[in-house]
There are 2 protein chains.
Amino acid sequence: MARKLSTLDPQRLDNQICFAVYSAAHAFNRVYKPLLDRLGLTYPQYLVMLVLWERDDVPVKEIGEKLFLDSGTLTPLLKRLEAAHLVKRTRSREDERQVMIALTAQGHALKEKARSVPQSILAASDCSVSELVAMKDEIIALRDRLNAVIGE
Amino acid sequence: MARKLSTLDPQRLDNQICFAVYSAAHAFNRVYKPLLDRLGLTYPQYLVMLVLWERDDVPVKEIGEKLFLDSGTLTPLLKRLEAAHLVKRTRSREDERQVMIALTAQGHALKEKARSVPQSILAASDCSVSELVAMKDEIIALRDRLNAVIGE
DNA sequence: GGCAATTAGATTGTGTGCAATATAAATCGG
DNA sequence: CCGATTTATATTGCACACAATCTAATTGCC
């Protein structure tokens, strides 16, 4: 009876999906860390590289839209990637407000070294691909509903 | 056909469950922010308060275990909660290594003001409670499998 | 009992995230 | 075509996260 009450209490930590998501994100980060250390990347830097490996030479804005990050986060991060010789930042000629981000040869080459990362994560997840895909789609749908609320 | 290939490419951003979780965590944070601003709390501080509202007067270690956070994160956070007069930090008499965290009267009182937060989040999720509970359980199971790998 | 190993927190340094603000370039309305 | 607004990025300040290191207290082992 006491147990039944507590499993329904919305103010209990264990009943909050947000904490589940929050703590899962940190768990992923900890699994990624040793893999990304070998590449010399942090996880957010890895995300930026994923964007660029899909489509090179994009404005900061586009990276921000794909990753849901703003310039306050991206500007210093991109400067660090530039200092690591993985990307080049250039003011766009057509629109001087934009800064275009392009991979260097090293940045391109890193894609190969990163190829094994996803399967290591899959192994750590200890879960079938189809289950993961289903979860991913649910989580993305939830995220998009949340983001819709933020825009009012 | 090209579409089929890209939906299978494990190096694509959209195919990564980790990014789904990462971006959902940020989306949650943005929904929580205005609600928690009224309480004068950040989201991690709110998590600590949730722990204390369940069980008061616990060592830092126990908070860390429940939230998967270490002293490097908790020490300054708890000092800020103390500065806000929500908790009191006291060295344990029995074990001088431990610092016990106890709610102040203000800290206790805040629980009432926070009562409406979970339902606001539920509304923003735009999703049935049973669906959310199912997702939460799946995500927690995944998190626990990931954390198991980290311990080797 | 005494010394090594362990444990709990604190500290330092680096890298996000994000709000708020600043700046410069582009666009829009009259 | 000119001033007002909008847009893209940069900057500043604050609060996490976490690795690495440090200190002090406790436990284990002989």
Side-chain angles (χ1 to χ4, degrees), chain A residues 19 22-34 36-37 39-49 58-65 67-84 86-87 89-101 147 150, chain B residues 19 22-34 36-37 39-49 58-65 67-84 86-87 89-101 147 150:
Chain A
F19 176 63
Y22 167 90
S23 55
H26 290 326
F28 266 119
N29 216 335
R30 286 191 284 270
V31 174
Y32 269 102
K33 180 132 204 337
L36 296 182
D37 276 351
L39 306 178
L41 295 174
T42 64
Y43 182 68
Q45 288 168 7
Y46 172 67
L47 290 179
V48 169
M49 295 304 285
V58 293
V60 173
K61 181 93 197 305
E62 187 173 323
I63 298 175
E65 280 165 0
L67 302 182
F68 306 96
L69 296 173
D70 67 6
S71 71
T73 302
L74 287 175
T75 297
L77 187 158
L78 290 167
K79 283 182 176 175
R80 280 187 283 271
L81 286 181
E82 187 172 45
L86 295 174
V87 307
R89 299 160 64 249
T90 348
R91 284 269 159 204
S92 164
R93 196 70 51 76
E94 306 102 65
D95 185 340
E96 291 275 347
R97 293 171 305 179
Q98 295 190 18
V99 171
M100 305 299 289
I101 308 298
N147 278 332
I150 294 162
Chain B
F19 176 63
Y22 167 90
S23 54
H26 290 325
F28 266 119
N29 216 333
R30 285 190 285 270
V31 174
Y32 269 102
K33 181 132 203 336
L36 297 182
D37 276 351
L39 306 178
L41 296 174
T42 64
Y43 182 68
Q45 288 169 7
Y46 172 68
L47 290 178
V48 169
M49 295 304 285
V58 292
V60 173
K61 182 90 197 308
E62 187 173 322
I63 298 175
E65 279 165 2
L67 302 182
F68 306 95
L69 295 173
D70 67 6
S71 72
T73 302
L74 287 176
T75 297
L77 188 158
L78 290 167
K79 284 182 178 175
R80 279 187 285 269
L81 286 182
E82 187 173 45
L86 295 173
V87 307
R89 298 160 65 246
T90 347
R91 282 270 160 204
S92 163
R93 197 69 52 75
E94 306 102 65
D95 186 340
E96 291 274 348
R97 292 170 306 179
Q98 295 189 14
V99 171
M100 304 300 289
I101 308 298
N147 278 333
I150 294 162

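Note on naming: letters A, B, ... go to the chains in the order of the sequence lines (proteins, then strands), and numbering restarts at 1 for each one.
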Would you tell me if any nitrogen or oxygen in the side chain of [X] comes within less than 4.0 Å of OP1 or OP2 on [N]?
X	N	result
B:Thr73	D:dA17	no
B:Thr42	D:dA15	no
A:Gln98	C:dA25	no
A:Lys79	D:dT11	yes
B:Arg80	D:dC16	yes
A:Tyr22	D:dA17	yes
A:Arg93	C:dA26	no
A:Gln45	C:dG15	no

Could you state the atom-to-atom distance from [atom1] of [X] to [atom2] of [N] in whole Å?
X	N	atom1	atom2	value
B:Asp37	D:dA15	CG	P	12 Å
A:Phe68	C:dT16	CZ	C1'	17 Å
B:Leu67	D:dC16	CG	P	12 Å
A:His26	C:dG15	NE2	C1'	14 Å
B:Arg89	C:dA8	CZ	P	17 Å
A:Tyr32	C:dG15	OH	C1'	18 Å
A:Ile63	D:dT9	CD1	P	9 Å
A:Leu78	C:dG17	CG	P	13 Å

Note: for A:Val60 and B:Gly72 on DNA chain D, the residue whose nearest nucleotide lies more 5' is A:Val60
Assert: residue with more 5' nearest nucleotide on DNA chain D, out of A:Arg30 and A:Thr75, is A:Thr75
Note: A:Pro44 and A:Leu77 closest approach over all heavy atoms is CB-CD1, 3.7 Å
Correct closest heavy-atom pair for A:Ser92 and A:Met100 would be CB-CG, 3.9 Å
What contact category does [X] fall into here, base, sugar-phosphate, or nothing, at under 4.0 angstrom with non-hydrogen atoms?
X	value
B:Leu74	nothing
A:Asn29	nothing
B:Glu62	nothing

Side chain A:Asn147, main chain A:Ile150, donor-acceptor under 3.5 Å:
no
Would the distance check show the side chain of A:Asn29 and the main-chain N or O of A:Tyr32 forming a donor-acceptor pair, the cut-off being under 3.5 Å?
no
Is there a donor N/O on one and an acceptor N/O on the other, under 3.5 Å, for the side chain of B:Ser71 and the base of C:dA10? yes
Worksheet entry | Polar pair under 3.5 Å, donor/acceptor by atom type, side chain A:Arg97, base D:dT7 | yes
Measure from the side-chain heavy atoms of [X] and tell me the nearest of [options].
X	options	result
A:Glu96	D:dA25, C:dA26, D:dA10	C:dA26
B:Pro59	C:dT16, C:dG9, D:dC16	C:dG9
A:Val99	D:dA19, D:dA10, D:dA25	D:dA10

Only one of B:Tyr43, B:Phe28, B:Tyr22 passes ring pair (Phe, Tyr, Trp, His ring centres under 6.0 Å) with A:Tyr22, and that residue is B:Tyr43
Next on the checklist: Can you confirm whether A:Leu36 sits close enough to A:Thr42 that some side-chain heavy atom of one is under 4.5 Å from a side-chain heavy atom of the other?
Outcome noted: no
